[in-house]
Amino acid sequence: MRKLICLLGMFILLSSFIKFTYGVINEFGDCKLKIQEKEAGIISEVVSWYYENNDLYVRIGETYKNIIHRDKYTLKNLSSVDNIIEKFPLIEVPTLTSNYNQKYGSDSDKKRYLDFKKASIKDKDGEKNVMEFNIVTSAKTTPTKDEATTSRHFKILAQQSYCRVRYEHDGKILYGEHLPVIDMSNNFVTKWWNIKPYIIYSPLVAPFPIEASLDKFIPKKPKGVCFFDIDGTLSQDADYDKNQGAILACLKRGFLVGIITASQRSIAHTCDEPYISKDLCDLITRDNSYMYNNASMRSGEISNKLKDFHPYNVGHKKAYQAHYWWKKYFPDMPDKCIILFDDDNVLINQYKDYAKLVINRLSDIDKDKHDFSFFLTDEINHPLSAKNVAAKVSHLIANGCDKEITPSFSEADTPISTSIPDGGLETKAQGDK
């Protein structure tokens, strides 16, 4: 009996150790879809999901619904790897059912459902993951996929739709990616793409690596600062690894890292993006977020002064935010050692123009001209990459940005005294940059 109890105890201990070592992956994703109604216009739909603690929640509309629980149903048919969802059960889309009945009458009691799953394809650039979508109909309340048929009145506009997903372990982002959409109702397309199973990339295979502490890379006395735009810049290809490389390219060369975006994203919303690495989220969250700027926030603080730029433009606002940060925290830093990475050429020209202005400056910064640096990114010729960022920062270091700058605040003090703000609106403004 003692041996049995001992063996049982060892089994429980070993099981706990394995669970602790391998842990679980939590998954979060959403898809923004454009749907063509046969005799009308285009309908927009958003489907979101998260898989956490063995529960799968899916939302179309206002609230999430718990549709799968391991204690009640098996998830074996939804995934080939534990804790990663590859196939989804049919999800009803009330909007499509309502539109159908209004136009064609409720000649049947059929409802419209989204049928979707993760997959992969191989094209000229190699293998990549995608999301297959189809709109199906069924008269049953909770139909299986075999009990539904492809809708004749609605179809997914794949080129105008996309999905994104991120995976977390112990609160840390392991991997995130954007998934192009494939229309499953088009048999020619599905055959031509030679669709294969979803690729489980190495960051999602346990045991998970322990990340080195970010603190050792953050310069106490920086030589300069890299400010990054979000939309069109950090979101280029939505590549988590490339962005992480770009960030480290600055930090390892003694440059701080921050964000200046024209969107209304809060800090939490920014960290929620699949292409924002854990390290970048950490950088814009620590020290009361003094490295974060958005449409209503200046160095981590909500500022009414930013509304004064409405008669001017976004480029002027971004230059003002960089100038404010510079004069408040590192006034001894040469102006050219402050660099903005942005994809908008018009905005960059406005950014440079503001540097030459000595009038129309807000009262909390000086009237001196300055010569901030910039790097105009574009996905084809000058993509945001570790190589390009490293080359630009190294060029600055070779041309005068080689001195360590003492901050204007003591190490014991936080840069600003206010608590971390929520950043205002959670939604993106029109024309985000």
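These numbers come from a predicted model, not from an experiment.
Not less than 6.0 angstrom separates the ring centroid of Tyr351 from the ring centroid of Phe374.
You'll find the side chain of Ile195 reaches within 4.5 Å of the side chain of Ile121, heavy atoms only. Using a 4.5 Å heavy-atom threshold, the side chains of Ser235 and Glu273 count as separate. Side-chain contact between Phe255 and Ile397 is present, with at least one heavy-atom pair separated by less than 4.5 Å. At a threshold of 4.5 Å between non-hydrogen side-chain atoms, the residues Thr270 and Ser263 do not count as touching. At least one side-chain heavy atom of Pro219 sits under 4.5 Å from a side-chain heavy atom of Leu256. Counting heavy atoms from C-beta on, the side chains of Thr377 and Asp229 never come closer than 4.5 Å. At least one side-chain heavy atom of Val181 sits under 4.5 Å from a side-chain heavy atom of Cys163.
The side chain to side chain donor-acceptor pair (under 3.5 Å) check on Lys336 picks up nothing, with sequence neighbours excluded. Under the rule for a salt bridge (charged side-chain N to carboxylate O under 4.0 Å, His left out), the partners of Asp282 that lie at least two apart in sequence or sit in another chain are Arg286.
Of the candidates Phe372, Tyr324, Trp325, Phe227 forms a ring pair (Phe, Tyr, Trp, His ring centres under 6.0 Å) with just one, namely Trp325.
Here the shortest heavy-atom pairing between Ser299 and Asn293 reads N-OD1, 2.8 Å. Contact detail for Ala386 and Ala249: the closest heavy-atom pair is O-CB, 3.8 Å. Listed here is the closest heavy atom pair of Asp231 and Asp343: O-OD1, 3.1 Å.
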- Derivation of the side-chain hydrogen bond (donor to acceptor under 3.5 Å, both in side chains) call for Arg164 and Tyr275: CA-CA 9 Å; Arg164 55 188 182 178; Tyr275 45 80; 5.3 Å; no
Exercise for review: Evaluate the salt bridge (charged side-chain N to carboxylate O under 4.0 Å, His left out) criterion for residues Glu27 and Lys118: first the C-alpha distance (whole Å), next the side-chain angles of each, then the deciding distance (0.1 Å), finally the verdict.
Suggested key: CA-CA 13 Å; Glu27 175 181 331; Lys118 298 174 191 169; 2.6 Å; yes
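Ring planes of Tyr175 and Tyr201: tilted class, angle from 30 to 60°. Between Phe375 and Phe341, the ring-plane angle classifies as tilted under the 30° and 60° cut-offs.
Between Glu177 and Lys128 no salt bridge is recorded (no basic side-chain N to carboxylate O distance below 4.0 Å). One finds a salt bridge joining Asp272 and Arg166 here, because a Lys/Arg side-chain nitrogen approaches an Asp/Glu carboxylate oxygen to under 4.0 Å.
Side chain of Ser151 to backbone of Phe154: a donor-acceptor contact under 3.5 angstrom is found. Looking at Asp183, its side chain never comes within 3.5 Å of a backbone N or O of Ala158 through a donor-acceptor pair.
A donor-acceptor contact under 3.5 angstrom links the side chains of Ser44 and Lys34, judged on distance only.
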